[in-house]
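Structure record follows, encoded as structure tokens.
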Amino acid sequence: MSRNARLIYSPDYTQYYFHDDHPFNQRRLLLTHDLMSSYGILKDSDILTPRPATDEELALVHDPRYIQFVRDQGHSEHELPQAASYGLGTEDVPCFSNMHEASSLIVGGTLNAVDAVMSGQAEHAFNPAGGLHHAFRGRASGFCIYNDCSVAIAYLRKNWNARVLYIDTDAHHGDGVQWAFYDDPSVLTVSIHETGKYLFPGTGNLSERGDGTGYGYSVNVPLDAFTEDDSFLEVYEELVSKLAAGFKPDVILTQNGCDAHAFDPLTHLSCSMKIYQAIPRLAHRLAHEYCDGRWIAVGGGGYDIWRVVPRAWTLVWSEMSDQPLTDSDLPEAWLKRWQPETDLPLPPRLFDEPFPTIPRRAEITEKNRITLERAMLNAPIG
């Protein structure tokens, strides 16, 4: 496997900022970049600087009236009367200055990743600021203003007529992406997430399978709360391997939200850092097996910005750039720099110590196996 990979990154990504108490905090990208650098697996030559997406590119998915409103709201000193109708000014998506510019930079970063991969400049590319999978055509939702995942898929369809396998392992269902391509058999959306019975956005049920010629091309596995590593990976590895074999994509796009970790404050899954090494490892292998290596990765959810996100996304980059990391003490320089910034004790090692086993482990595992079997009905399984 090649080390021909690119990271799309700029400190300007932190301009996507709601307020100090909001759980979505792009400061996590600074910690992640610094951890990659401290491990010695990121060079300046690996980095591509993001550029803003154009209005025309955003309009591949988003209503032009919504794009204009986001721009107007971001340049207004007061909340505009129509904000709520566009999903803005809410607890989840508060308004902030220069919203359009900050959001379009994230989308443009993901399009940079697409261009790098599809042009042959790189086999793989990772935009950790991306993964804003909840935004809809004309409405913000779930911390997401523009949906870079959906725009990237539409861009791939328009410019390369590519068959896209979209794999979403965020603890929250990838609803915005699913609904954007719900009737398109050239886009297979796969979401493995915590059941919506307990968690936003409440969708991602087994019955959501696609519509018209796209029936079967939306695949959801709603996991039981408190799912642990082994059950998560059993579902992920069996499902994604079979779907890739049946669908035979031209390119793989993975959304790498890391909020399934037991430390995450917004979710109820019980996974450890182990899954964040295994998830990109399989995606990497499948990209070489079916797509001549074409693999685009984005970030996503992750609300323990100190203990989880930097380690998880460093593991994604480690796999993508073919620079494997084994369990070790975290770099001392990184710990010394960031520990004074938080009251949480930073983890001393790359991987977690074993967590206590959940009492209902066997029951949860069996329930997830049954859900997996039902999810694969009508799906394009190879």
Indicate yes or no for a side-chain donor-acceptor contact from Thr254 to the backbone of Asn256 under 3.5 Å, with no hydrogens or angles considered. no
Stepwise side chain to side chain contact (heavy atoms under 4.5 Å, CB included) check, Leu7 with Leu48: CA-CA 6 Å; Leu7 185 79; Leu48 294 178; over 6 Å; no
Can you tell me how far CD1 of Ile381 sits from CG of Asn378, rounded to the nearest 0.5 angstrom? 10.5 Å
Checking side-chain polar atoms at under 3.5 Å, does Asn25 have a donor or acceptor matched by the opposite partner on Tyr17? no
Drop me the distance from Gln15's CD to Ser10's OG, to the nearest 0.5 angstrom. 7.5 Å
Can you tell me how far CE of Met320 sits from CG of Asn4, rounded to the nearest 0.5 angstrom? 11.0 Å
If you look at every heavy atom in Met36 and Thr314, which pair is closest and at what distance? CG-OG1, 3.6 Å
Below 4.5 Å, heavy atoms only, C-beta onward: do Leu253 and Ile296 meet side chain to side chain? yes
Cation-pi check, Arg163 onto Phe247 ring (under 6.0 Å, within 45° of axis): yes
Distance, nearest 0.5 Å, that separates SG of Cys271 from CG of Leu223: 8.0 Å
How about Val221 and Arg374: do any of their side-chain heavy atoms sit closer than 4.5 Å? no
Taking every non-hydrogen atom, the tightest pair across Lys158 and Leu60: CD-CD2, 3.8 Å
Do His134 and His172 pair up side chain to side chain, a donor and an acceptor below 3.5 Å, judged on atom types alone? no
Hydrophobic clustering (ILVMFWY, side-chain heavy atoms < 4.5 Å, transitive) - are Leu346 and Leu31 grouped together? yes
Keeping the roles fixed (side chain from Asp327, backbone from Phe351), state whether a donor-acceptor pair exists under 3.5 Å. yes
What class does the angle between the rings of Phe143 and His22 fall in, given that below 30° is parallel, 30 to 60° is tilted and above 60° is perpendicular? perpendicular
Proximity of Tyr16 and Phe24 rings by center, below 6.0 Å: yes
State, with a plain yes or no, whether a side-chain heavy atom of Phe181 is found less than 4.5 Å away from one of Ser186. no
Could you check, using the six-membered ring where one of them is a Trp, whether Tyr155 and Trp160 have ring centers closer than 6.0 angstrom? yes
Answer yes or no: does atom CZ of Arg65 have more than 12 heavy-atom neighbours from other residues, nucleotides or ligands under 6.0 Å? no
Glu194 (side chain) donor-acceptor with His268 (main chain) under 3.5 angstrom: yes
Given the options Asp168, Asn220, Thr189, Gln178 meets side-chain hydrogen bond (donor to acceptor under 3.5 Å, both in side chains) only with Asn220
Distance (rounded to the nearest 0.5 Å) between Leu344 CG and Ile305 CD1: 9.5 Å
Please determine if Glu363 and Lys367 form a salt bridge, counting it only when a charged side-chain N lies under 4.0 Å from a carboxylate O. no
With a 3.5 Å distance limit and no angle check, can you tell me whether Ser103 reaches the backbone of His100 through a side-chain donor-acceptor pair? no
Any chance you could lay out the side chain to side chain donor-acceptor pair (under 3.5 Å) test for Tyr13 and Asn127, step after step, and finish with the verdict? CA-CA 10 Å; Tyr13 278 148; Asn127 180 25; 2.7 Å; yes
Using atom types as modelled and distance alone, determine if a side-chain donor or acceptor of Tyr182 lies under 3.5 Å from a backbone N or O of Arg209. yes
Tell me whether Phe69 is reachable from Phe136 by hopping between hydrophobic residues (I, L, V, M, F, W, Y) whose side-chain heavy atoms are closer than 4.5 Å. no
Do Leu206 and Val177 share a hydrophobic cluster (ILVMFWY, side-chain heavy atoms under 4.5 Å, transitive)? no
Within residues 14-41 or reaching into it, pairs that qualify as salt bridge (Lys or Arg N to Asp or Glu O under 4.0 Å) - sequence neighbours excluded: Arg27-Glu341, Asp34-Arg337
Is there a donor-acceptor contact under 3.5 Å from the side chain of Tyr66 to the main chain of Ala140? yes
Nearest-0.5 Å distance that lies between atom CG in Asp115 and atom CD1 in Ile8: 9.5 Å
Would you list the atom pairs, donor with acceptor, under 3.5 Å between side chains in residues 237-245 and any protein atom, with sequence neighbours excluded?
| residue | atom | partner | partner atom | Å |
| --- | --- | --- | --- | --- |
| Glu238 | OE2 | Lys242 | NZ | 3.1 |
| Ser241 | OG | Glu237 | O | 2.7 |

Flag yes if Val298 and Leu58 sit in one hydrophobic cluster, no otherwise; membership is Ile, Leu, Val, Met, Phe, Trp, Tyr, and two members link when side-chain heavy atoms are under 4.5 Å apart. yes
Between His173 and Gly202, is there a donor-acceptor pair closer than 3.5 Å when you use the side chain of the first and the backbone of the second? no
With a sphere of 6.0 Å drawn around NE2 of His78, does it hold more than 12 non-hydrogen atoms of other residues, nucleotides or ligands? no
Could you walk me through whether Glu289 and Lys248 pass the salt bridge (Lys or Arg N to Asp or Glu O under 4.0 Å) test, one step at a time? CA-CA 9 Å; Glu289 188 169 348; Lys248 295 182 173 56; over 6 Å; no
So that I can tick it off, tell me whether Lys274 and Asp229 are bridged by a salt bridge, with the cut-off set at under 4.0 angstrom between side-chain N and carboxylate O. no
Evaluate side chain to side chain contact (heavy atoms under 4.5 Å, CB included) for Arg349 paired with Arg311, printing each intermediate quantity in order. CA-CA 9 Å; Arg349 299 183 66 83; Arg311 293 188 294 160; 6.0 Å; no
Flag for Ser191-His193: side-chain donor and acceptor within less than 3.5 Å: yes
Tell me if the aromatic rings of Tyr146 and His62 count as close, with their centers under 6.0 Å from one another. yes
So, does Gln277 use its side chain to make a donor-acceptor pair with the main chain of Leu325 at under 3.5 Å? yes
So, for His288 and His124, is the gap between ring centers shorter than 6.0 Å? yes
Testing the basics here: between Ile145 and Val93, what is the closest heavy-atom pair and its distance to 0.1 Å? CG1-CG1, 3.8 Å
Looking only at non-hydrogen atoms, find the nearest pair between Pro280 and Val316 and report the distance. CG-CA, 4.1 Å
Establish, for the pair Arg307 and Phe263, whether the NZ or CZ atom is under 6.0 angstrom from the six-membered ring centre and no further than 45 degrees off its axis. yes
Check Asp170 against Gly300 and note the closest heavy-atom contact, atom names and distance. OD2-C, 3.8 Å
Under 4.5 Å between side-chain heavy atoms, hopping through other hydrophobics if needed: is there a path connecting Val219 to Leu165? yes
Working note: Asn368 + Ser231, criterion side chain to side chain donor-acceptor pair (under 3.5 Å); need CA distance, chi angles, decisive distance, verdict. CA-CA 7 Å; Asn368 287 341; Ser231 181; 2.9 Å; yes
May I ask you to say whether Arg71 pairs ionically with Asp55, meaning some side-chain N is under 4.0 Å from a carboxylate O? yes
Taking His261 as the fixed residue, which of Phe232, Phe355, Tyr303, Trp306 is the one that meets the ring pair (Phe, Tyr, Trp, His ring centres under 6.0 Å) rule? Phe355
I'd like to know if Arg294 pairs up with Glu123 as an ion pair, taking the criterion as any Lys NZ or Arg NE/NH1/NH2 lying under 4.0 Å from an Asp or Glu carboxylate oxygen. no
Ser321 and Gln323 side chains, donor-acceptor separation under 3.5 Å: yes
Could you report the tightest heavy-atom contact between Leu111 and Ala53, atom names first, then the distance? CD1-CB, 4.3 Å
Between Arg137 (side chain only) and Val61 (backbone N and O only), is there a donor and an acceptor less than 3.5 Å apart? yes
Treating Arg360 as the side-chain partner and Thr365 as the backbone partner, does any N or O pair qualify as donor plus acceptor under 3.5 Å? no
